[in-house]
Amino acid sequence: MADKRVVVTGLGLVCGLGNDVQTCWSNAVNGVTGIDDVKSVDTANCYAHKGAEVDLPNEALSSENYDRSSLLCIKATAQAVEDAKLDIKSEDSSRIGVILGSCVGGAASIDKYYTDEIMGGESDAGDIWKMSASAIANNVAKHFGLNGTTANIVNACAAGTMSIAYACDLIRAGKADAFIAGGTDSFSSLAFSGFHALHALDTDSCSPFNRSSGITLGEGSGVLIVESYEHAKARGAKIYCDVLGSGVSSDAHHITAPRPDGMGQMAAIKRAVENSALDFNDIDYINAHGTGTAKNDEAEFLSLHTLFDGSDNLSVSSTKSMTGHCLGAAGSIEAVFSVKSVCDNVIPPTIGYTAEDLDKLAEKAGKLDFVPNTKREKTVTNVMSNSFAFGGNNASIIFSKNPAQLPEKETDEKVYITGAGKLLGTPCEEGSDGLRAQFTSADFKAHGIKMAFFRKLDRFSQLQLLSGVSALENAGITVDETNENNIGIVIGTADGPLKEIADFQINAIKNGTEKGSAFAFPNTVYNAAGGYLSIFSNIRGYNATVANSIQAGLQSVCYAVDVIKAGEADVMLAAGTDENTDIESTLSARLGITGSGKPYSGEGIALGEGSVTLVLEKESAAKARNAEILAEIAGCATAHGSVEAFEISGSQKALEKAIKDACADACITPDGIDAVCGFANGNKSVDALEKGALNAVFGKDIPVLSVKEQYGEARAATAALSAAYAAELLAGKAEAKGFNADNAEYILAVSFGLGGSYSAVVIKKA
């Protein structure tokens, strides 16, 4: 087992407070606000006009033709790499990864594309490649030449914190030496219009735990270099602090509002404290989520008082009062501030309190020190940073001056597939494009889903809900109070709810920023599907959504196994979901990538859609309930080859590495593989790369099975399906033309992602 100690060696930051760490930190501790009148979005007819924007145009951030979210992140990462004195050229780049969080992804490019199309009649097809959050981590990896595990965590406002936490978990598991970890989001008309529609914006600069009358949006990027202690020590790096434990949970309550009793938040906080081997009284400072809305502030206020009211030494503040709410970047920006607080022994304040406000605070604060208006200098050893998000996602992480003997939670137990739920496309009616899934009200009723609930969901979330509940039923799992906290969800997607995002953006362009739909906006976040699934099923454990192009559905399996192996869940739902609507088909046709869809045809892809959810379960849990076991997840691996976010050519070695690493994880050589569930989809480059890699690794003909021949390129859905299909073949529940699985023991599932990311999973007969 790898050493558990993970340290922070570099920091990078750009936000409304400044363009580097020291400027931002100095302004934060001195109560200087970065909030001003919004310049990048037309707010003329809106009731609110404030925001915290970065005072740099795109061309000053980087010369690359990327979305602004990527450009902000590249600037912050460059600072962090320089600060850490990390000489990437002298390192094994396959051991340094990139995990980044985002909420709105390429929203600025979506705005530009449709504005050009609607207002000017001519849009740039190149902007299509920039729309997805999937591009961000790949762009950063390409810029810095990194080839380790790459992922985009898209859990809205918890994404930045979750990215750092997951990076640290992978380092502790021995899967990397270091990570660029953090989050990024740019200011966008989509987000402003959405929060405006929810009437969640403050008309003045926000003041959390004070007026609590709304948020102020911001933009920026925060990046940390996190490393294993051995790696940092070996290269003589300075160490800011240790990263101790983290916790992730689900509210299972409401898509936009937190649980009023704070139970979900407290579950994440408790996990972080437990995983850090600390007591609640050991925490000196909490950088709170502190958004400024009444419901969020009230729930967090209750959570903190419930868990920490016995502490005489706890300070709490919300730096969002100065940075604004930077969405997917919020947690990572606040993580940088948390690290600086540990190092400098100072607490930044929450600003915006009047004399009258201070009197009210004194009455309700109890023992907690909410640090109004003016910084607090004190000894700071342990800092907690909290992030809570749409979908009921909660994340908490702890930074410390001192290393700790972390609790032994990892497990070497086998991980089994005990169920699967599938909803996949069939050929569309004549005149339509690709394949689309068919479902009716009878399908909802069969799972006890009421139409009133189902109608709230966009198509992306509907697909995921149906496959998710089917998987639970097929596995024979009933979620109740005995297991709800030990079941988690990881959903992989290439494009997320693209139709909802595009339609919302088009409406804002045509009708004005002030005309956003409060009903539609919650469904524009990538993690809404996971939120709805947790709400309906009452799953309260780990909940993550990863966007990393087509292979994300198989990467979700790897991620879910990581969560189980880390001792954070007994059962995980691992899913791949993508939709095929008029938006996807139109954009794909514009890019010229659609065609017959037959693998190895070279005639282009047939766009598909669907959702496939696998139930993964640790051995002891499966045996305790006498579960039917389909197959074992014997080995998992991800790899990356740095190429542009819309390319794969030049990244074949990464696929070869993923295959070899997955076999090694399964304790076999590639010769032990009996068949491969491949990813060829009719695109010449994709098909050729798969053939080349399989020939290089196996050196012989090996049966290659395809799910895309029947279901088209359903992206993350068919990536997840490859693992489900392999399991069902080995369990005798499926057949493959020309392949007899009776004597087979191992089947390899592989998938690719644009930008050079690959996942490989070895499925073993149970």
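Quick note: residue numbers are just sequence positions, from 1. Remember, predicted model here, so these are calculated numbers, not experimental data.
Residues Pro349 and Asn373 have side chains not in contact (no heavy-atom distance under 4.5 Å, counting atoms from C-beta outward). Under the 4.5 Å side-chain criterion, counting only non-hydrogen atoms from C-beta, Val346 is not in contact with Lys378. Side-chain contact check for Leu302 versus Met266: every heavy-atom pair is 4.5 Å or farther apart.
Asn281 and Asn313 are not linked by any side-chain donor-acceptor pair at a separation below 3.5 angstrom, with hydrogens and angles left out of the test. No side-chain donor-acceptor contact under 3.5 Å links Lys75 and Ser62. A donor atom on one side chain and an acceptor atom on the other are not found under 3.5 Å apart for Glu219 and Ser186. If you check the side chains of His325 and Thr291, you find no donor sitting under 3.5 Å from an acceptor. Side-chain N/O atoms of Asn394 and Ser249 include a donor and acceptor closer than 3.5 Å. Inspection of the Asn402 and Ser400 side chains reveals no N or O donor paired with an N or O acceptor under 3.5 Å. A side-chain donor-acceptor contact under 3.5 Å links Asn393 and Asn527. Residues Ser757 and His640 have side chains that bring a donor and an acceptor to within less than 3.5 angstrom of each other. Residues Asp185 and Ser102 have side chains that bring a donor and an acceptor to within less than 3.5 angstrom of each other. For Asp282 and Asn382, the side-chain atoms include no donor-acceptor pair closer than 3.5 Å. Residues Ser70 and Asp67 bring no donor and acceptor atom of their side chains to less than 3.5 Å of each other. Inspection of the Glu334 and Ser385 side chains reveals no N or O donor paired with an N or O acceptor under 3.5 Å. A donor-acceptor pair shorter than 3.5 Å can be found between the side chains of Tyr285 and Ser317. There is no side-chain donor-acceptor pair under 3.5 Å between Thr350 and Ser321. Side chains of Asn147 and Ser642: a donor-acceptor N/O pair is present below 3.5 angstrom, by distance only.
Taking a cutoff of 4.0 Å between a charged side-chain nitrogen and a carboxylate oxygen, Lys50 and Asp204 do not qualify as a salt bridge. Contact check on Glu568 versus Lys409 returns a salt bridge, with a Lys/Arg side-chain nitrogen under 4.0 Å from an Asp/Glu carboxylate oxygen. By the 4.0 Å N-to-carboxylate-O rule, Asp309 lies too far from Lys367 to be salt-bridged with it. Note on Lys401 versus Asp242: no salt bridge recorded, every NZ/NE/NH1/NH2 to OD/OE distance being 4.0 Å or above. Glu227 has a carboxylate O that lies under 4.0 Å from a charged side-chain N of Arg235, or vice versa, which qualifies the two as a salt bridge. Between Asp202 and Arg211 there is a salt bridge, since at least one side-chain N of the basic residue sits less than 4.0 Å from a carboxylate O of the acidic one. Contact check on Lys238 versus Asp83 returns a salt bridge, with a Lys/Arg side-chain nitrogen under 4.0 Å from an Asp/Glu carboxylate oxygen.
Within a 6.0 Å radius of CG in Asp344, more than 12 heavy atoms belonging to other residues, nucleotides or ligands are found.
Taking the six-membered ring for Trp and the full ring otherwise, Phe179 and Tyr166 have centroids separated by 6.0 Å or more. The six-membered or imidazole ring of Phe390 lies near that of Phe195, with a centre-to-centre distance under 6.0 Å.
When atom types are taken as modelled, the side chain of Arg172 and the backbone of Lys4 share a donor-acceptor pair closer than 3.5 angstrom.
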Applying side chain to side chain contact (heavy atoms under 4.5 Å, CB included), run through Asn386 and Gln265 and close with a yes or a no. CA-CA 9 Å; Asn386 292 333; Gln265 298 176 7; over 6 Å; no
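With Phe301 as the aromatic partner, Lys364 meets the cation-pi criteria of under 6.0 angstrom to the ring centre and within 45 degrees of the ring axis.
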